[in-house]
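Reading through the structure tokens given below for one structure.
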Amino acid sequence: MPQKIKIFDTTLRDGEQSPGASLNIQEKLIIAKQLVKLNVDIIEAGFPIASPGDFAAVKLIAQKIKGPIICGLARCIPADIDRVWEAIKYAKKNRIHVFIATSQIHLEKKLRRSKEQVIQIAVDGVKRAKKYTADVEFSPEDASRTDLNYMCDVVRAAILAGATTINIPDTVGYAEPQEFASRITYLKEKVPEIDKKGITISVHCHNDLGMAVANSLAAINMGATQIECTVNGIGERAGNASLEECVMNLKVRSDYYKKACTEINTSEIFRTSKMVSDLMGMVVQRNKAIVGRNAFAHEAGIHQHGVISARETYEIMHAEDVGWEGDGLVIGKHSGKHAVESVLQEMGYELTKDQIASITAKIKELADKQKEVERADIIAIANDVTQALTKQEQKIILKELAVMTGTNITPTATVKIEIDGKEIVGASIGVGTVDAAAKAIKSLIDPSLKLTSYSLKAITGGTDALADVAIVVENKKGEKFKASALNEDIVKASVEALIKGANYAMMHKTPKKIRPQDIGE
Ligand code: KIV
Ligand code: ZN
């Protein structure tokens with residue numbers, strides 16, 4: 001009987017730490033619901049001490065998600081651990097994940113603590129977490145660069161303090177498969193408490209050298225029974241082990257991984273990948289294993305011939321095994337409100353009647369122009385509608401926008417806005433019209449607001465594509481406000497997103513749609 005490998009999904013925690021990624025609370029809940037369909041065993045929902053937004057998201061997920069264990073991350077610091085518990089206590093199955101760095105470089109340069117002190121901090125952290133829940137995971141951060149015997153000492157102490165899962169992170173993606181596998185073997189030999197107490201050995205590998213999946217699977221061969229991974233392999237720097245790659249290796253090569261299997265519903269893989277990519281605004285590379293657009297495209301003539309005569313010639317798995325649906329045509333111009341509603345419901349959106357009507361109208365408008373509306377379009381439109389500000393919330397209103405550009409002419413923008421009933425006009429030049437318009441707006445609003453992220457996506461093909469602009473503005477306290485806008489015109493979409501972001505910052509709140517009470521808490 002193969003050993004079940006637990007899939008610990010950290011898309012909403014480590015994945016959300018990816019440079020350029022950020023999700024609001026509703027988006028996190030939508031992804032968590034999809035992770036339930038995927039049938040992951042554990043959802044690491046966030047790092048509650050990091051910000052009030054992280055805390056609210058973990059709490060909401062703990063309240064709403066049934067099935068997987070809901071886990072929150074904490075340093076071995078009392079305030080962190082207490083905060084995790086405050087957020088996850090609502091979940092029927094919950095876990096506190098505590099960590100502290102153990103490599104010499106971290107001890108000396110980051111923690112400035114002796115080895116003995118770190119063991120004591122780890123023990124105290126595990127004991128504090130244990131007071132709240134029986135399910136406590138401990139990670140010696142940077143384990144793969146930690147002295148082997150010291151790592152074993154820390155792990156033993158954490159187990160004796162009550163940890164039930166020991167996670168071995170390759171925090172900086174430094175390990176090589178053979179070496180990482182030997183580390184797991186050594187640990188199991190030197191710490192007999194692991195087997196005696198039935199402790200789960202987990203691995204958490206980063207991909208700095210492109211080895212995250214290989215290292216995770218090598219550890220599985222040596223008796224690890226939990227993989228920490230993320231959808232599309234997103235995460236800090238080069239990312240984490242990709243969930244879909246780990247799972248499909250174990251499935252497709254079950255002849256090799258005889259002793260291991262997962263309970264992942266692989267037919268949900270593609271949909272989950274697409275959702276994470278769309279909501280995070282992080283494009284999946286075309287040739288990415290399992291979920292890339294080219295993964296099941298047999299374009300070269302010789303391959304096509306082989307595939308037509310016998311699929312197995314070039315296909316080691318079938319597209320339908322991972323629920324591949326190409327670009328996912330979902331809605332046509334004759335689809336009604338119910339079709340839109342059920343697609344959105346299936347994605348996890350909880351919307352009011354007015355919002356559904358408005359989304360349907362916009363989808364029809366788009367379908368009239370381009371016949372097919374894809375999942376990405378629907379998500380962008382739904383986000384645009386749900387983020388709309390009420391009249392009272394619109395402190396800043398765009399009244400006029402004019403841009404001028406051409407060859408041998410400096411791009412210029414003039415903007416008229418109304419702030420609290422007073423109209424003001426600003427103008428600026430820029431490297432392009434978007435830049436000029438952004439500078440013109442900046443000259444009129446709170447100068448301490450900084451635009452820290454701007455991304456533009458054409459959500460449909462062609463020159464008449466809808467432009468989806470997502471921005472993040474930051475106030476002087478470092479608080480971030482995310483906003484997005486859709487328009488056929490890139491400059492208008494950019495200006496609308498900027499004005500929305502400035503309004504959120506002025507109201508000193510995150511968009512209306514991300515308040516828990518708006519999604520039924
Ligand atoms: O990479 C890492 O070491 C981590 C830990 C918090 C597990 O993310
Ligand atoms: Zn990590």
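Order of listing sets the numbers, starting from 1, for every ligand and every atom in it.
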List of N/O pairs, ligand 1 versus protein, all under 3.5 Å?
from, atom 1, to, atom 2, distance (Å)
ligand 1, 1 (O), His204, NE2, 3.2
ligand 1, 1 (O), His206, NE2, 3.0
ligand 1, 3 (O), Thr171, OG1, 2.6
ligand 1, 8 (O), Arg13, NH1, 3.4
ligand 1, 8 (O), Arg13, NH2, 2.9
ligand 1, 8 (O), Asp14, OD2, 3.1
ligand 1, 8 (O), His204, NE2, 3.1

Between [X] and [Y], does any side-chain N to carboxylate O distance fall below 4.0 Å?
X	Y	result
Asp82	Arg128	yes
Glu141	Lys110	yes
Glu86	Lys89	yes
Lys251	Asp321	no

| task | Answer yes or no: is there a donor N or O on one side and an acceptor on the other, between the side chain of Thr10 and the main chain of Asp14, under 3.5 Å? | result |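 Side chain of Thr10 to backbone of Asp14: a pair is present.
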| Is a donor on one side and an acceptor on the other found under 3.5 Å between the side chain of Ser103 and the backbone of Thr146? |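 The answer is no, because no donor-acceptor pair under 3.5 Å joins these two groups.
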| request: Could you count the protein N, O or S atoms found under 2.8 Å away from the Zn ion (ligand 2)? | output: 3
| request: Could you check whether the rings of Tyr132 and Trp85 sit parallel, tilted or perpendicular, using 30° and 60° as the cut-offs? | output: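 Parallel.
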| Are Arg83 and Phe55 in a cation-pi setup, meaning NZ or CZ lies under 6.0 angstrom from the ring centre and within 45 degrees of the ring axis? | yes
| note | On a heavy-atom basis, the closest approach of Asn265 and Lys37 is ND2-O, 3.4 Å
